[in-house]
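Since this is a predicted model, take the numbers as computed values, not measurements. Whatever order the structure lists ligands and atoms in, that order sets their numbers, starting from 1.
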Amino acid sequence: MALLDVRELTVSYGGVAANLGIDLQVEPGTVVGLIGPNGAGKTTFVDAVTGFTHATTGRIEFAGTELTGMGPAARARTGLARTFQSVELFDDLTVRDNLAVAAGRPRWYSLLVDLVRPGRGRNDGADRVDRALTRMGLEALAERPGAALSHGQRTLVGMARALAAEPSLVLLDEPAAGLDTSESRQLGTRIRGLAAEGLSILLIDHDMELVMDVCDDVYVLDFGRVIAHGPPAAVRADPQVVAAYLGTGGAAAVGDVAEDAAVEADHG
Ligand code: ATP
């Protein structure tokens with residue numbers, strides 16, 4: 001059974017359908033790519049799944065729970081987490097404290113334990129923060145203030161912040177934006193490592209090399225609809241995908257995919 005099972009999802013903003021009849025599934029422990037030209041509806045999809053927009057029809061089931069009508073916090077409690085395109089950190093707080101803000105979910109009994117045995121009631125949020133720092137390889141930056149981080153480091157902290165809630169599915173909205181090639185490769189390795197631990201990941205990105213390298217399965221959106229779905233190699237060669245990207249004359253990274261596929265078509 002799919003961990004995330006989305007059926008016929010439509011999101012309308014003032015009569016304009018930003019998502020139209022989307023069917024998408026994420027299996028446990030897999031990395032699923034969601035790509036498409038600018039404005040195709042990728043972030044809208046993430047907003048709809050995580051509860052940041054309610055202008056939706058259709059069915060979103062996560063871990064066997066129907067999410068319709070639930071707000072973002074309730075959805076997060078079912079094991080969903082997301083990142084945002086622009087990573088907003090508290091610049092004056094350390095990396096650790098930036099994560100703690102997100103992980104702070106003290107249990108009622110930790111307050112009692114604190115009264116009886118001071119120190120032992122440390123809420124389990126602190127442990128989650130430590131685990132998230134380790135999973136993203138950020139231990140050495142834990143005490144550094146947000147303001148002192150490079151763009152690439154901020155991206156990793158944004159992901160660690162999502163992981164601090166210990167989700168079973170994380171939706172990453174363009175994590176490679178602004179990263180150089182080597183940072184993007186490291187990010188890819190990190191994403192595969194998380195999947196190997198059993199985490200499920202929905203990856204949105206314009207970095208086609210990253211998407212094609214790390215995803216088990218890819219969905220392509222254009223004008224709010226799924227125009228292709230399948231393993232990366234098949235999607236990459238799909239004529240409708242090539243046409244969608246050529247039509248935009250878009251970013252270099254996506255242009256490369258279209259160019260590669262056009263060259264393959266010419267020779268094949
Ligand atoms: P990008 O790759 O540029 O981030 P995207 O594929 O994530 O694009 P969305 O941001 O989901 O695309 O936008 C899809 C469409 O929905 C666009 O036409 C956008 O203008 C519109 N849209 C998105 N959010 C809203 C909103 N809150 N109100 C009205 N229209 C919106």
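- Considering only non-hydrogen protein atoms, atom 24 (N) of ligand 1 sits nearest to Y13 CE1, 3.4 Å.
- From the protein, the heavy atom lying nearest to atom 3 (O) of ligand 1 is N38 ND2, 3.0 Å.
- Of the protein's heavy atoms, A18 CB, 3.4 Å lies nearest to atom 16 (O) of ligand 1.
- Applying the side chain to side chain donor-acceptor pair (under 3.5 Å) test between D47 and each of K42, R82, H54 identifies R82 as the sole match.
- The closest protein non-hydrogen atom to atom 8 (O) of ligand 1 is G39 N, 2.8 Å.
- Taking distance alone, with nitrogen or oxygen atoms compared against 3.5 Å, A40 approaches ligand 1 more closely than that limit.
- Counting non-hydrogen atoms of neighbouring residues, nucleotides and ligands closer than 6.0 angstrom, the OH atom of Y13 exceeds 12 such neighbours.
- The salt bridge (Lys or Arg N to Asp or Glu O under 4.0 Å) search around R96 returns D130, E143, not counting sequence neighbours.
- Salt bridge annotation for R185-E209: present, with a cationic side-chain nitrogen under 4.0 angstrom from a carboxylate oxygen.
- F84 belongs to a hydrophobic cluster with F52, counting contacts under 4.5 Å between side-chain heavy atoms of Ile, Leu, Val, Met, Phe, Trp and Tyr, direct or through other members.
- Shown here, atom 13 (O) of ligand 1 is in close reach of the protein: a heavy atom of it lies under 4.0 Å off.
- Within 4.0 Å of atom 19 (C) of ligand 1, not a single protein heavy atom is present.
- Of all protein heavy atoms, the one lying nearest to atom 10 (O) of ligand 1 is T43 CB, 3.9 Å.
- Polar contact with ligand 1: present for G41 (N/O pair, distance under 3.5 Å).
- Taking atom 11 (O) of ligand 1 as the reference point, the nearest protein heavy-atom neighbour is T44 OG1, 2.5 Å.
- Considering only non-hydrogen protein atoms, atom 6 (O) of ligand 1 sits nearest to K42 NZ, 2.7 Å.
- The minimum heavy-atom distance linking L3 with S168 is given by the pair CD2-O, 3.7 Å.
- A donor-acceptor pair is defined here as one N or O able to donate and one able to accept, closer than 3.5 Å; such a pair exists between the side chain of S200 and the backbone of G29.
- If you number the atoms of ligand 1 from 1 as listed, the ones under 4.0 Å from a heavy atom of E174 come out as 1 (P), 2 (O), 4 (O).
- Ranking protein heavy atoms by distance to atom 4 (O) of ligand 1, first place goes to Q85 NE2, 3.0 Å.
- The ligand atoms of ligand 1 that sit less than 4.0 angstrom from a heavy atom of H206 are 2 (O).
- Contact detail for C215 and V32: the closest heavy-atom pair is SG-C, 4.0 Å.
- Proximity of a side-chain donor or acceptor of R75 to a complementary backbone N or O of L67 within less than 3.5 Å is detected.
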